[in-house]
Amino acid sequence: MDSSSKIDRVFSPTETKNLVNDLALCLEQYYRECQAMTSRTVPPLTPEVYMELVREKLTDNRTSFKELANLALSQGHHLHDPRYMGHQVPPAIPAAALFDVLGRASSQGAAVFEMAPFGTAVEKVMINELGKMIGWKEGGFAGIGTHGGTLANVTALLAARNIYYKDSWKKGMRDFLEAKPALMTSADSHYCIARACGILGIGTSQVIKVPVDSKRRMDLKKSREILQASKSNGLNIFAIVGSACTTPTGSFDDLKGIASLAREFKLWFHVDGAHGASFLFSEKYKHLLEGIEEADSVAWDAHKMLFVPALSTYLLYKDARNSWEAFAQEAPYLFDPNDPQGLAEFDGGLRTMECTKGVLSLALWGVWSLYGKEFLASLIEKAMENTKTLYRLITNSKDFEVAHEPQCNILCFRFIPTGIEHSEESLSQLQQNIRNQLLKDGEGYITGTRIEGRYWLRVTIINPLTNETHLSRLLDKIRGI
Ligand SMILES: *Cc1c(COP(=O)(O)O)cnc(C)c1O
């Protein structure tokens, strides 16, 4: 086939329709298998074998779309299997993934309104809805979609840095290093907060990690003491980051308490709500976020507890004016501040690190429009109920113990064999062996974490199809191991 007829074939609408029909069959089979738990949660292959599988397709060029799709689906991690209870990554609502495909199939998503008018409008509307849920007044706040919570957190802290250290965007940090800029957050905060400080020229050693209290929340008494002593220690703490929630144990910092410290010491108050901000959707659980309305900025992942595919994150600023502070960028060919149509407000590129980006709001808008907001809340509540059920099953068992009461859908626990003396070290090793064996057998997927040096098994109960049977089977499986 000559190259021009190949181009015609590849872009042919009929060819597209045929591929989509093939994909429909592949996905149907895939979701059926996941739900029936007939295949492994995690395939057993080594990276070398995967790479060989991948590489040979590049030169073959004869494998059909259907076979390629089936290969990718079967050899991936099966998050739609109800025994998947691992990371804070949900099995996406299938329709959400299809809305994502729409955006990609039509190449929407850009830094400027005119390159993605509908996608940009969708993003604006979603930000409006989320901001109102935080409790902010319509018209006062603003936000932007980013590829991931990490980027949202860095961007928020960049805006804070630029506001507190005037001209640092232009001149860098050299004039301010004497002042020793520093940031305060919980010892359990996500590593991207410290990483942001490295990137922003503040320095990772300038991250003050406050110890956590008995519920593993940032200890506010200690925070206050550190803030009071900071001047005499020559530290200039300009921002405080609350975690809603933390990743190891899902603990929600006392946002109200942090807000009052921020007010008293004139700090930028940022909430890392990557995982937990979505609990605002639930009437039953939104109380976990009390105080978030006082934040200056909030990072909120939709690709966690709103069940859309990665990546889809929102960064929101209480005061819309601050949203322009992170990037004081001029690029007249793209963004015309004197645009007669006044569309600069809609040109996302002025407020994000990214230039081209995906239409990362289409999926959330799509499922919200299709199924309703209450449906999203019900997924969150289901995850919470499941976690409470697992907590009950564990506390009723003599051979398991929990590290904490669940504050959300994350729970750390461990197996304690009865009638045998164990050193702390061998107990930690046992949990690691249990997890390794579980992954080897492919009959479930959980994670692990270290708390105060001890290793705990850790689950994020996030598959809406998981129920009590799967939870008690997990415990039995662990006992078996
Ligand atoms: C997941 C998570 C992050 C990182 O967000 P990504 O979207 O994975 O980049 C940051 N903070 C918290 C609390 C998280 O749960």
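Note that ligands are numbered from 1 as they come in the structure, with each ligand's atoms numbered from 1 the same way.
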Is it the case that ligand 1 has an N or O less than 3.5 angstrom from some N or O of Thr247?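 So ligand 1 has no N or O lying under 3.5 Å from an N or O of Thr247.
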Validation row: Gln407, Arg216 side chains within 4.5 angstrom (heavy atoms): no
Which atoms of ligand 1 have any heavy atom of [X] under 4.0 Å away?
| X | answer |
| --- | --- |
| Ala274 | 2 (C), 3 (C), 10 (C), 11 (N), 12 (C), 14 (C), 15 (O) |
| His275 | 15 (O) |
| His303 | 7 (O) |
| Gln88 | 15 (O) |

Measure from atom 5 (O) of ligand 1 to every heavy atom in Ile193, Asp301, Thr313, Leu311 and give the option owning the shortest one.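 Nearest heavy atom to atom 5 (O) of ligand 1 lies in Asp301.
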Quick one: nearest non-hydrogen protein atom to [atom], plus distance?
| atom | result |
| --- | --- |
| atom 10 (C) of ligand 1 | His190 CG, 3.3 Å |
| atom 11 (N) of ligand 1 | Asp272 OD2, 2.6 Å |
| atom 6 (P) of ligand 1 | Gly149 N, 3.3 Å |
| atom 9 (O) of ligand 1 | Thr150 OG1, 2.7 Å |
| atom 14 (C) of ligand 1 | Lys304 NZ, 2.9 Å |

In terms of the angle between their ring planes, are Phe238 and Tyr165 parallel, tilted or perpendicular, with boundaries placed at 30° and 60°? perpendicular
Check: Trp268/Ser297 side-chain N/O donor and acceptor closer than 3.5 Å: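 Yes, a side-chain donor-acceptor pair sits under 3.5 Å.
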Test of ring centre spacing under 6.0 Å for His77 and Tyr445: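 Ring centroids of His77 and Tyr445 are less than 6.0 Å from each other.
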Look at the side chain of Ser428 and the backbone N and O of Tyr455, then say whether any donor-acceptor pair between them is shorter than 3.5 Å. yes
Using only atom types and a distance under 3.5 Å, with no angle test, would you say the side chain of Ser186 pairs donor to acceptor with the backbone of Met218?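 Not a single qualifying donor-acceptor pair exists.
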Going by salt bridge (charged side-chain N to carboxylate O under 4.0 Å, His left out), name the residues that satisfy it together with Glu468, two or more places apart in sequence or in a different chain. Arg392
Answer side chain, backbone, both or neither: which part of Cys245 comes under 4.0 Å from ligand 1, heavy atoms only. backbone
NZ or CZ of Arg351 within 45° of Trp324 ring axis and under 6.0 Å: yes
